[in-house]
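Input: a single structure, listed below in structure tokens.
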Amino acid sequence: MSDQLVAPPPENCPGTQSEMSGKSAACAGCPNQQICATTPKGPDPDIVEIEERMKTVKQKILVLSGKGGVGKSTFSSQLSFALSMDEKVEVGLLDIDICGPSIPKIMGLEGENIHISGQGWDPVYVQDNLAVMSVGFLLDKEEDAVIWRGPKKNGIIKQFLKDVYWNDLDYLVIDTPPGTSDEHLSIVQYLKTSNLSGAVIVTSPQDVALIDVRKEINFCKKVGVPIIGVVENMSGFVCPKCNKESQIFIPTTGGAEKMSQDMNVPFLGRIPIDPLIARSCDEGKSYLITHPNSEATKQYNLIFNKIKETVNNNK
């Protein structure tokens, strides 16, 4: 029922599935009171459908960031490209950044549309073993704004999970918007019985980003999402001419590694700034394939191997 609410439940809420929901004194004045009082209680039947659909997906990996602009969608795309480099591995990439769906462009799928078959919504394929789903495929024009309130965003996320026919997947990478809001609560709630593998949290080195990443870590701990680890993106810049390294975003408080130690979560590694990563995203290509010998590709692969090792060991 939480995807029908018009406002977040208040702190003293008796629980939206409680028999006292909409009836207790704490409900007086709550914008959700009428909804809670009249909506049937009990398990969400859609959760059962999602659980059934997700049975064919072995690993489900959330990619989170507390702060926007730290390269989370870039990381999600390169992780998906890397996993699919093994032709025996089936990979899906689900974009639930509803208001800023950049995945279609990054994956080279601009202008593609969703098709519906007897088995459900068919994802769009980059290659035979790499499937993608995004709200960007539903827009008439790339520049169209998605102006949706929480319930509608939650509804499309639920539809992506229960209606998209992924077939058998080894990995489903889920790219999320920044923050700890509707989309994050929904994806965790909808996958709570589907063995969510965990979350990779992406940040940049400066403290203004780390402040929000700490909140993201606490969100994961509070809702019971395992933390696979933290990645420090845009970590230093190596000049291609003189090979001198410069810190563009200065880690004044020790960066992501120190924060990870303080919060007792794994630190997966650092990815340096490389302008060619942005170019690859703009062109819809895999940076790992187009620049296989770069320092960033080396660091990406080290991090991706740690992610694979963690999720596969936690079966």
For the residue pair [X] and [Y], what are the closest heavy atoms and their distance?
X    : Y    : answer
K58  : S197 : O-OG, 4.4 Å
L64  : C220 : CD1-SG, 3.5 Å
V230 : V265 : CG2-CG2, 3.9 Å
V202 : S65  : O-CB, 3.3 Å
L130 : M107 : CD2-CE, 3.7 Å
E295 : P272 : CG-CG, 4.1 Å

- side chain to side chain contact (heavy atoms under 4.5 Å, CB included) between M234 and I248, worked out: CA-CA 8 Å; M234 297 185 276; I248 308 298; over 6 Å; no
Hydrophobic cluster membership, [X] vs [Y], 4.5 Å side-chain cutoff:
X    : Y    : result
I211 : M259 : no
V126 : I114 : yes
M133 : I116 : yes
W166 : L138 : yes
F267 : M263 : no

Do any N or O atoms from the side chain of [X] and from the backbone of [Y] form a donor-acceptor pair under 3.5 angstrom?
X    : Y    : answer
Q206 : F249 : no
N129 : D86  : yes
S77  : T74  : yes
H184 : G179 : yes
D207 : T253 : no

- In terms of side-chain geometry, is the basic nitrogen of E52 or K55 positioned less than 4.0 Å from the acidic oxygen of its partner? yes
- Inspect the contact between R53 and D46 and indicate whether a charged nitrogen and a carboxylate oxygen are less than 4.0 angstrom apart. no
Less than 4.5 Å apart, side chain to side chain, heavy atoms only: is that true for [X] and [Y]?
X    : Y    : value
V132 : I103 : yes
T203 : V231 : no
I217 : I201 : yes
I98  : I157 : yes
E112 : V124 : yes
I277 : Y300 : yes
R270 : E257 : yes
T180 : N218 : no

Nearest 0.5 Å please: distance from the [atom1] atom of [X] over to the [atom2] atom of [Y].
X    : Y    : atom1 : atom2 : answer
I106 : D282 : CD1   : CG    : 8.5 Å
F160 : I96  : CZ    : CD1   : 9.5 Å
D274 : T297 : CG    : OG1   : 8.0 Å
K60  : L191 : NZ    : CG    : 7.5 Å
N154 : I156 : CG    : CD1   : 11.0 Å
T176 : I187 : OG1   : CD1   : 9.0 Å

- Message: Tell me which pairs pass side-chain hydrogen bond (donor to acceptor under 3.5 Å, both in side chains) where either residue lies in residues 131-148, with sequence neighbours left out.
- Response: D95-S134
- Message: For N113 and F137: C-alpha separation, side-chain torsions, deciding distance, then whether side chain to side chain contact (heavy atoms under 4.5 Å, CB included) applies.
- Response: CA-CA 5 Å; N113 296 306; F137 299 137; 5.8 Å; no
Are side-chain N/O atoms of [X] and [Y] paired as donor and acceptor at under 3.5 Å?
X    : Y    : answer
S294 : Y287 : yes
E283 : S280 : no
S84  : Q127 : yes
E51  : S194 : no
N233 : S204 : no

- Item | Sequence-distant partners of Y171, ring pair (Phe, Tyr, Trp, His ring centres under 6.0 Å), two or more places apart | none
- Query: Got a sec: does the NZ of K298 have more than 12 other heavy atoms crowding it under 6.0 Å?
  - Reply: no
- Message: I'd like to know whether CG of N264 has more than 12 heavy-atom contacts from other residues, nucleotides or ligands below 6.0 angstrom.
- Response: no
- Message: Can you confirm if the aromatic rings of F75 and F304 lie within a centre distance of less than 6.0 Å?
- Response: yes
- Query: Should L276 and H291 be marked as a side chain to side chain contact (heavy atoms under 4.5 Å, CB included) after you check the CA-CA gap, both sets of side-chain angles, and the distance that decides it?
  - Reply: CA-CA 8 Å; L276 296 175; H291 301 90; 3.4 Å; yes
- Message: With salt bridge (charged side-chain N to carboxylate O under 4.0 Å, His left out) as the rule and sequence neighbours excluded, what pairs involving residues 63-85 come up?
- Response: K67-D212, K72-D175
- Step by step, work out the side chain to side chain contact (heavy atoms under 4.5 Å, CB included) result for I228 and I61. CA-CA 9 Å; I228 298 169; I61 302 171; 4.0 Å; yes
